Q: 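Please find one structure pasted underneath; my questions will follow.
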Amino acid sequence: MIETKAVRVRFAPSPTGHVHIGNIRAAIFNWLYARHTGGEFLLRVEDTDLERSTDEAKATLREAMAWLKLDVDGEVMYQSQRRAAHLAAAGELEASGAAYALAGADNKGEAVCFRMPWDSKAYEKVGPAKLDVHPEVPVTVSHAGVKYALVSKKGKAIEESGCLAGFSGLRLYDANDVCLYELASPETVLAGKAEFTVEHVVRMEFQRRQVVFEDLVKGRMTKPLDGIKDLVIVRSTGAPVFHLANVCDDIVQEITHIIRGDDHVENTFRHILLYDAMDQKPPAYAHLPMIVNAQGKPYSKRDGDAYVGDFRTRGFDPDALFNYLTLLGWAPGDDREKLSREELVAAFTLQRVRSAPSQMDLKKLAHMNGQYLAELPLDTFMEGAREALAEHDWGRGVNEELFRSVCELMQSRTQLYPDVAVWTYFFSDELEYDPKGVRKFLQKEGVQEMLSELRAALDSTDFEEAPLEAAIHAIERAHDIKEGKLNQPIRVAVTATMVGAGLYETMVLLGRERSLARLDYAIENLCGEGE
RNA sequence: GCGCCCAUCGUCUAGUGGUUAGGACUCAAGGUUUUCAUCCUUGCAACCGGAGUUCGAUUCUCCGUGGGCGCGCCA
């Protein structure tokens with residue numbers, strides 16, 4: 001019988017700035033996985049870099065998560081408070097011989113360095129390796145690794161180094177094919193009892209080994225051990241390094257699945273060895289593809305739209321953004337795209353995550369946002385609209401009843417909240433008439449006359465949809481033009497634009513006084529033949 | 001430079017050893033609508049290249065090419 005441990009995942013951002021769209025996507029995937037499996041979603045704030053971590057960043061982080069409704073289970077862990085535990089772990093590693101002291105380059109003290117273990121379950125033999133070495137640079141072999149120089153195409157020396165474990169069965173040869181050195185007993189070297197510097201080496205041979213782990217989205221991952229370096233886990237200042245803190249805390253929080261950005265793949269090869277050295281079983285890993293900008297490049301500080309808060313101020317709905325971001329690098333496998341939280345939770349699996357980077361498409365996001373806005377409860381829509389309206393002078397302190405009616409009328413045709421900028425004509429009398437509309441619909445033969453007649457007729461017309469329509473149609477019939485032909489001229493006259501909701505409804509909302517005043521203004525000042 | 005990873009319409013993606021390679025956004029053309037939006041119909045548009053395996057490769061393998069990531073006493 002297999003006992004399956006309850007899933008525990010975490011989002012572990014470092015609060016050094018605004019929350020990046022890629023970061024929050026990692027949070028979303030973690031959250032989805034936790035909810036899908038009935039596990040727990042933890043938050044760990046990695047604020048060990050005290051100089052760059054700010055309270056403001058911590059606050060915006062929590063805001064962004066709350067906005068996207070990413071509810072956290074359990075206590076939030078602040079990594080800065082775990083420093084003692086991290087240092088203790090480093091001490092144990094050093095005591096057991098798994099880590100060693102490293103003299104600081106600037107003589108400021110000793111750092112602690114984790115040595116890639118000589119043996120591990122994660123290693124796998126891949127056969128012999130042969131490397132050409134630059135003869136003028138001596139090869140050094142010590143418990144801290146092997147340093148050597150390869151030869152570039154132009155004959156220059158390229159300095160390289162790798163952990164000692166990467167060079168099992170190492171042999172160094174000179175130009176006469178004489179073996180100058182053989183790593184016969186790694187124990188002696190590992191214990192720091194012997195160190196070698198060998199000159200005039202032109203070739204090195206060793207048994208290549210690689211580190212292996214199974215990634216839930218990328219599959220089997222391998223990396224040659226000789227390309228891996230030992231890892232500083234405590235700085236010479238005495239501060240624990242990310243790698244140590246990260247692994248220690250994941251152990252303490254009993255994290256079962258680490259779901260994070262692709263940029264951490266390389267760390268994983270070393271982290272699993274750290275787990276090993278601490279006698280812990282590594283968690284499962286899932287590395288998510290990166291999100292890139294419209295140029296196909298990673299988001300940088302120059303991309304203003306990379307921060308979660310920006311999406312909010314630009315008028316996106318959190319559920320729409322959540323839905324869209326979920327679809328970046330993941331798909332349910334059928335043709336569904338607009339999915340509710342529940343549907344997303346039900347459908348989400350790590351197996352279906354892609355492993356190629358994907359680009360944001362703001363147009364598609366906006367389209368989806370429009371769908372979400374249209375379905376929002378009126379009161380929720382009003383909140384967002386009110387916020388966006390407050391950006392405009394004419395949009396503050398508006399009549400509540402009118403505002404509600406306008407929202408009702410316009411909700412279905414609003415894609416982004418800032419689109420409410422076009423609602424001016426409902427709330428203000430300072431209108432800027434669309435010149436194209438004026439030319440096309442008002443400065444036409446007969447329009448002035450018909451509008452005048454309509455104006456007169458409206459004095460005795462109820463401002464309700466049906467009577468308005470009837471009155472307009474009567475004029476049209478009298479002038480022998482198609483019903484509806486007069487609507488656009490009227491629209492331009494009373495709203496100053498060519499687009500909007502139904503004309504009759506719009507006029508009702510505008511009310512008699514405003515509608516007639518604008519009609520008067522238009523007849524007097526805007527009509528007449530254009531030249 | 002070295003290492004790891006990736007590659008289907010412009011973009012997000014589905015999919016298969018034999019399919020008219022499907023959907024969505026965008027764009028274009030129609031229809032509905034008093035206009036706009038919604039909605040509906042139609043259209044444009046993709047398997048990076050080359051070898052190999054195979055009766056057959058977009059799919060499997062290898063080699064290129066392109067892209068991303070990593071190579072810190074940052075996280």
Side-chain angles (χ1 to χ4, degrees), chain A residues 12-16 46-49 51-53 79 102 104-106 108-113 150 152-153 156 158 160-162 210 215 218-219 221-224 226-229 231-243 245-246 261-269 287 289-290 292 294 296-298 324 327-338 352 354-368 370-371 374 410 412-415 419 422 437 441 469 472-473 476 482-488 490-492 495 497-504 506:
Chain A
S14 52
T16 54
E46 302 212 330
D47 54 352
T48 49
D49 190 342
E51 281 173 30
R52 291 200 299 149
S53 298
Q79 192 162 64
L102 186 71
D106 43 6
K108 279 205 178 132
E110 288 185 334
V112 180
C113 201
L150 295 174
S152 78
K153 278 177 196 155
K156 286 191 177 170
I158 306 165
E160 293 282 351
S161 68
Q210 62 187 12
D215 191 285
K218 299 171 92 75
M221 304 287 284
T222 65
K223 184 173 173 89
D226 50 299
I228 295 178
K229 291 173 193 168
L231 190 60
V232 172
I233 52 176
V234 180
R235 296 186 192 96
S236 50
T237 59
V241 169
F242 158 75
H243 305 282
N246 194 261
D262 229 350
D263 48 340
H264 282 292
V265 169
E266 305 282 331
N267 292 333
T268 307
F269 293 105
H287 288 96
M290 309 301 274
V292 296
K297 299 289 175 194
Y324 178 76
L327 258 21
L328 231 43
W330 177 86
D334 48 42
D335 281 341
R336 289 179 298 167
E337 289 206 330
K338 187 165 175 295
R352 292 203 60 86
R354 301 194 86 215
S355 64
S358 35
Q359 281 186 17
M360 286 282 283
D361 181 353
L362 266 351
K363 287 205 172 135
K364 185 156 181 171
L365 209 207
H367 174 84
M368 186 169 267
Q371 292 182 310
M410 302 300 280
S412 69
R413 59 196 71 214
T414 305
Q415 198 170 54
D419 293 351
V422 301
F441 293 110
E469 183 172 4
I472 292 167
H473 285 175
E476 286 160 343
K482 218 177 125 196
E483 286 190 355
K485 255 308 206 195
L486 202 50
N487 285 27
Q488 278 305 81
I490 301 170
R491 178 187 298 282
V492 174
T495 72
T497 76
M498 292 191 285
V499 302
L503 177 62
Y504 317 128
T506 303

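In what follows, every chain begins at residue 1, and chains take the letters A, B, ... in the order their sequences are listed. We use all heavy atoms of the structure for the numbers below, so side chains are in, but hydrogens, waters and symmetry mates are not. These numbers come from a predicted model, not from an experiment.
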Q: Is any side-chain nitrogen or oxygen of Thr16(A) closer than 4.0 Å to OP1 or OP2 of A75(B)?
A: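 No, no such contact exists.
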Q: So, is Arg354(A) near the phosphate of C12(B), with a side-chain N or O under 4.0 Å from OP1 or OP2?
A: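 It does not, given that no N or O in the side chain of Arg354(A) lies less than 4.0 Å from OP1 or OP2 of C12(B).
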Q: Can you tell me which nucleotide in C36(B), C25(B), A14(B) comes closest to the side chain of Val499(A)?
A: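 Comparing C36(B), C25(B), A14(B) against the side chain of Val499(A), the answer is C36(B).
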Q: Of the nucleotides A75(B), C69(B), G10(B), which one has an atom closest to the side chain of Asp263(A)?
A: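 Closest nucleotide among those given: C69(B).
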Q: Expressed in angstrom and rounded to an integer, what is the separation of Leu362(A) atom CG from U26(B) atom P?
A: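 Value for this atom pair: 13 Å.
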Q: Which atom pair, heavy atoms only, marks the closest approach of Ala366(A) to Gln415(A)?
A: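 The answer is O-CG, 3.0 Å.
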Q: Without decimals, in angstroms, what is the distance between Asp226(A) CG and C2(B) C1'?
A: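 Taking CG of Asp226(A) and C1' of C2(B), I get 11 Å after rounding.
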Q: Donor-acceptor check, side chain of Arg491(A) to backbone of Gly502(A), threshold 3.5 angstrom: yes or no?
A: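 Judged by distance alone, no pair lies under 3.5 Å.
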Q: Indicate yes or no: does Arg413(A) engage Asp419(A) in a salt bridge with an N to O separation below 4.0 Å.
A: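 Salt bridge absent between Arg413(A) and Asp419(A).
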Q: What is the base-pairing partner of C9(B), counting Watson-Crick and G-U wobble geometry with both distances under 3.5 Å?
A: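 In the structure as shown, C9(B) has no Watson-Crick or wobble partner.
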Q: Distance between the C1' atoms of C2(B) and C73(B), in whole angstroms?
A: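 Straight-line distance between the two C1' atoms is 23 Å.
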Q: At less than 4.0 Å, is any side-chain N or O atom of Arg235(A) found next to OP1 or OP2 of A75(B)? Yes or no.
A: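 Yes, Arg235(A) has a side-chain N/O under 4.0 Å of OP1/OP2 on A75(B).
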Q: Would you say Glu476(A)'s side chain and Gly484(A)'s backbone share a donor-acceptor pair under 3.5 angstrom?
A: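 The answer is yes, because a donor-acceptor pair under 3.5 Å joins these two groups.
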Q: Please confirm whether the backbone N or O of Thr16(A) pairs with a side-chain atom of Ser14(A), one donor and one acceptor, at under 3.5 Å?
A: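 It does not hold such a pair.
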Q: Taking atom C1' in both U11(B) and G52(B), compute the distance separating them and give it to the nearest angstrom.
A: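 The answer is 34 Å between these two C1' atoms.
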Q: How close do Pro289(A) and Asp262(A) get, heavy atom to heavy atom, and via which atoms?
A: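 Residues Pro289(A) and Asp262(A), closest heavy atoms: CA-OD2, 3.9 Å.
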Q: Separation of Lys485(A) atom NZ from U35(B) atom P, in whole Å?
A: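 Roughly 11 Å, once rounded to whole Å.
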Q: Measure from CD on Gln359(A) to P on U26(B) and round the result to the nearest Å.
A: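 To the nearest whole Å, that distance equals 17 Å.
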Q: Return the pairing partner of G18(B) with a 3.5 Å limit on both distances, Watson-Crick or G-U wobble; otherwise return none.
A: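 Pairing partner, where one exists within any strand: C55(B).
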Q: Considering only side-chain heavy atoms of Arg352(A), which listed nucleotide, G23(B), A75(B), G15(B), is closest?
A: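 That would be G15(B).
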Q: How close or far is atom P of A24(B) from atom CG of Leu365(A), stated in whole angstroms?
A: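 To the nearest whole Å, that distance equals 18 Å.
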Q: Could you check whether Phe242(A) and the base of C74(B) form a stacked pair, meaning centres closer than 5.5 Å and planes differing by less than 30°?
A: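 Taking the rule of under 5.5 Å and under 30°, the ring of Phe242(A) does not stack on C74(B).
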Q: Can you sort out the partners of Asp361(A) under side-chain hydrogen bond (donor to acceptor under 3.5 Å, both in side chains), two or more places apart, ordered by chain and number?
A: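 Residues passing side-chain hydrogen bond (donor to acceptor under 3.5 Å, both in side chains) with Asp361(A): none at all.
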Q: Taking only the side-chain heavy atoms of Lys229(A) (C-beta and beyond), determine which of C71(B), G23(B), G68(B) contains the nearest atom.
A: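 My answer, after comparing the listed nucleotides, is C71(B).
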Q: Under a 3.5 Å cut-off for both distances, is U38(B) Watson-Crick or wobble paired, and to whom?
A: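 Answer to the pairing question: none, since U38(B) forms no Watson-Crick or G-U pair.
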Q: Check Ala374(A) against Ser412(A) and note the closest heavy-atom contact, atom names and distance.
A: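 Looking at all heavy atoms of both residues, the closest pair is CB-CA, 4.4 Å.
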Q: Whom does C47(B) pair with, Watson-Crick or G-U wobble, provided both distances fall under 3.5 Å?
A: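 Pairing partner, where one exists within any strand: none, as none qualifies.
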Q: With a 3.5 angstrom cut-off on both distances, give the Watson-Crick or G-U wobble partner of G3(B), or none if there isn't one.
A: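 C69(B) is the nucleotide pairing with G3(B).
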Q: Who pairs with Asn267(A) by side-chain hydrogen bond (donor to acceptor under 3.5 Å, both in side chains), at least two apart in sequence or on another chain?
A: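 Asn267(A) satisfies side-chain hydrogen bond (donor to acceptor under 3.5 Å, both in side chains) with His264(A) only.
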Q: May I ask you to verify whether the side chain of Ser236(A) and the base of C73(B) hold a donor-acceptor pair under 3.5 Å?
A: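 Side chain to base: pair found, below 3.5 Å.
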Q: Please produce a list of atom pairs where a protein N or O lies less than 3.5 Å from an N or O of nucleotides 3-5 of chain B.
A:
{"unit_1": "G3(B)", "atom_1": "O2'", "unit_2": "Lys223(A)", "atom_2": "NZ", "d": "2.9"}
{"unit_1": "G3(B)", "atom_1": "N2", "unit_2": "Glu266(A)", "atom_2": "OE2", "d": "2.9"}
{"unit_1": "C4(B)", "atom_1": "O3'", "unit_2": "Thr222(A)", "atom_2": "O", "d": "3.3"}
{"unit_1": "C5(B)", "atom_1": "O2'", "unit_2": "Lys218(A)", "atom_2": "NZ", "d": "2.9"}

Q: Could you check Ala501(A) against Ala331(A) and say which one's nearest nucleotide on RNA chain B is further toward the 5' end?
A: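 Its nearest nucleotide lies further toward 5', so the answer is Ala331(A).
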Q: So if I take every side-chain heavy atom of Glu337(A) and compare against A75(B), G23(B), C25(B), which nucleotide ends up nearest?
A: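 So the side chain of Glu337(A) is nearest to G23(B).
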Q: Would you mind telling me which residue lines up with the more 5' stretch of RNA chain B, Gly333(A) or Gly502(A), judged by nearest nucleotide?
A: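 Per heavy-atom nearest nucleotide, the more 5' residue is Gly333(A).
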Q: Output the rounded distance in Å from CD (Gln488(A)) to P (U33(B)).
A: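 Between P of U33(B) and CD of Gln488(A): 15 Å.
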Q: What distance, rounded to whole Å, do you find between the two C1' atoms, one in G67(B) and one in U8(B)?
A: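 Here G67(B) and U8(B) have their C1' atoms 16 Å from each other.
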Q: From NE2 of His367(A) over to P of G10(B), roughly how many Å is that when rounded to an integer?
A: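 That distance rounds to 20 Å.
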Q: Check every atom of C12(B), U34(B), U11(B) against the side chain of Asn487(A) and return the nucleotide holding the closest atom.
A: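 Nearest to the side chain of Asn487(A) among the choices is U34(B).
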Q: Taking the side chain of Ser14(A) as its heavy atoms from C-beta onward, which of C12(B), U34(B), A75(B) lies nearest to it?
A: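 Closest nucleotide among those given: A75(B).
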Q: Can you tell me if NZ on Lys338(A) sees more than 12 non-hydrogen neighbours from other groups inside 6.0 Å?
A: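 Enclosed.
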Q: Does a distance-only test, which skips hydrogens and angles, find a donor-acceptor pair under 3.5 Å between the side chain of Arg413(A) and the base of U38(B)?
A: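 There is none.
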Q: Taking C63(B) as the reference, what is the distance to C4(B) when you measure between their P atoms (whole Å, please)?
A: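 Rounded to whole Å, the distance is 12 Å.
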Q: Name the closest nucleotide to the Arg491(A) side chain, picking from C69(B), A7(B), U34(B).
A: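 When the side chain of Arg491(A) is considered, U34(B) is the closest of C69(B), A7(B), U34(B).
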